[in-house]
Amino acid sequence: MISASLHTYLALSGLLFVIGFFGVLLRRNTLVVFMGLELMLVASTLALVAFSRYNGTPDGNIFVFFILTVAAAEVAVGLAIIVALFRQRHTVQVDQLNSLKH
Amino acid sequence: MGQILFTLFAFLTVIAAVGVVLNKNAVNAAMCFLLSLVGVAGLFVQLDAYLLAFVLLLVYAGAVVALFLFIIMLLDTQGGSPRRYSPVTIGASVAALALMLTGLGALLTRDRLVAPAIGSADGVGAALKPYAYQLFTTYLLPVQVMGFLLLVAMLGVIVLSRRLTNGEDSQ
């Protein structure tokens with residue numbers, strides 16, 4: 001049973017995306033930055049599912065299935081990179097990982 | 001009833017997402033992320049995407065958050081320097097906030113986006129048979145590519161997590 005308008009879902013999705021974006025922008029811990037990235041992906045899937053439901057076609061749902069697959073692979077690779085980085089540099093704070101900057 | 005559930009899940013999602021951003025402790029942030037995902041899964045159920053809600057809980061809440069918690073446990077990530085934001089960060093924050101407010105205002109005040117009327121028909125995500133039929137006919141090539149991508153990601157993770165012992169690799 002559908003209970004909210006498409007506008008509401010899109011506004012919610014945009015809000016969630018912006019919250020994730022601020023997580024990426026403002027946090028110093030690489031793991032939390034990564035969580036903000038995942039939040040942005042989930043927000044985009046919410047918009048896709050809402051569009052798919054209101055349009056009456058299953059394509060949006062299928063795209064979300066693919067997005068979830070790619071996100072799972074991305075998380076595995078990203079966390080492996082973070083662990084490798086921690087082994088080399090013994091920190092995951094982004095302001096201390098600046099050897100390419102200077 | 002549906003309206004109450006929608007409001008509940010929407011608030012759960014947004015408040016938990018804010019908790020991810022604001023929590024000092026990475027473990028608490030991961031737990032807030034889990035709550036936010038549960039809220040999104042509830043919204044998926046409201047949109048008749050039962051399979052996707054199940055997959056989201058299984059893959060994200062089950063696997064991804066557990067992986068995050070393992071890595072947080074493995075690495076000692078507490079502490080860190082006090083926050084100092086560069087002018088670029090502050091500018092980007094202000095620009096993002098302005099863009100979001102403009103977008104939300106345009107979305108909610110003007111009625112440019114006309115949603116087609118929902119009939120009494122069931123949601124397309126509710127029936128699994130047409131979903132799977134589409135997945136394995138129209139979208140067969142992306143499914144194969146996804147399988148290959150998962151294989152590549154698995155090999156990449158194995159290579160990345162190998163302990164580097166020889167000299168030319170370890171630098």
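Every chain is numbered from 1 and lettered A, B, ... according to where its sequence line falls, protein lines coming before strand lines. All values below were derived from every heavy atom in this structure, side-chain atoms included, with hydrogens, water molecules and symmetry-related copies excluded. Model, not experiment: these values are computed from the prediction.
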With a 4.5 angstrom heavy-atom cut-off, is it the side chain or the backbone of [X] that approaches chain B, or both, or neither?
| X | value |
| --- | --- |
| A/Phe66 | both |
| A/Leu39 | both |
| A/Leu16 | side chain |
| A/Ala76 | both |
| A/Thr30 | neither |
| A/Glu38 | both |
| A/Phe34 | both |

Using the benzene-type ring in the case of Trp, are the ring centres of A/Tyr9 and B/Phe6 under 6.0 Å apart? yes

If we ignore hydrogens and angles and just use 3.5 Å, is the side chain of A/Ser52 paired with the main-chain N or O of A/Leu48 as donor and acceptor?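 No; judged by distance alone, with no hydrogens or angles, the pair does not exist.
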
Same cluster for [X] and [Y] if Ile/Leu/Val/Met/Phe/Trp/Tyr side chains link at under 4.5 Å?
| X | Y | answer |
| --- | --- | --- |
| A/Val70 | A/Phe65 | yes |
| B/Val21 | A/Val24 | yes |
| B/Ile90 | B/Leu97 | yes |
| B/Leu47 | B/Val40 | yes |

Considering only heavy atoms and a distance below 4.5 Å, find which of A/Val83, A/Thr91, A/Ile82, A/Asp59 pairs most often with chain B. A/Asp59

Looking at chain B, which one of A/Val75, A/Leu68, A/Ile62, A/Val18 has the largest number of heavy-atom pairs inside 4.5 Å, strictly under? A/Ile62

Please step through ring-ring contact (aromatic ring centres under 6.0 Å, His included) for the pair B/Tyr60 and B/Phe68, ending with a clear verdict. CA-CA 10 Å; B/Tyr60 261 98; B/Phe68 266 114; 9.2 Å; no

Quick one: what part of [X] sits under 4.5 Å from any heavy atom of chain A, side chain, backbone, both or neither?
| X | value |
| --- | --- |
| B/Ser161 | backbone |
| B/Ala29 | both |
| B/Val152 | neither |
| B/Val14 | both |
| B/Leu104 | side chain |
| B/Leu56 | both |

Which heavy atom in [X] sits nearest to a heavy atom in [Y], and how many Å separate them?
| X | Y | answer |
| --- | --- | --- |
| A/Leu41 | A/Ala71 | CD1-CB, 3.8 Å |
| B/Val20 | A/Arg27 | O-NH1, 3.6 Å |
| A/Val49 | A/Val64 | CG2-CG2, 3.6 Å |
| B/Ile71 | A/Leu79 | CG1-CD1, 3.9 Å |

Looking at B/Ser93, B/Ala30, B/Ala153, which has the largest count of heavy-atom pairs under 4.5 Å with chain A?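 Max contact count across the listed options: B/Ser93.
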
Most contacts with chain A, counted as non-hydrogen pairs under 4.5 angstrom, among B/Pro142, B/Gly156, B/Ala96: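 Among B/Pro142, B/Gly156, B/Ala96, the one with the most close pairs to chain A is B/Pro142.
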
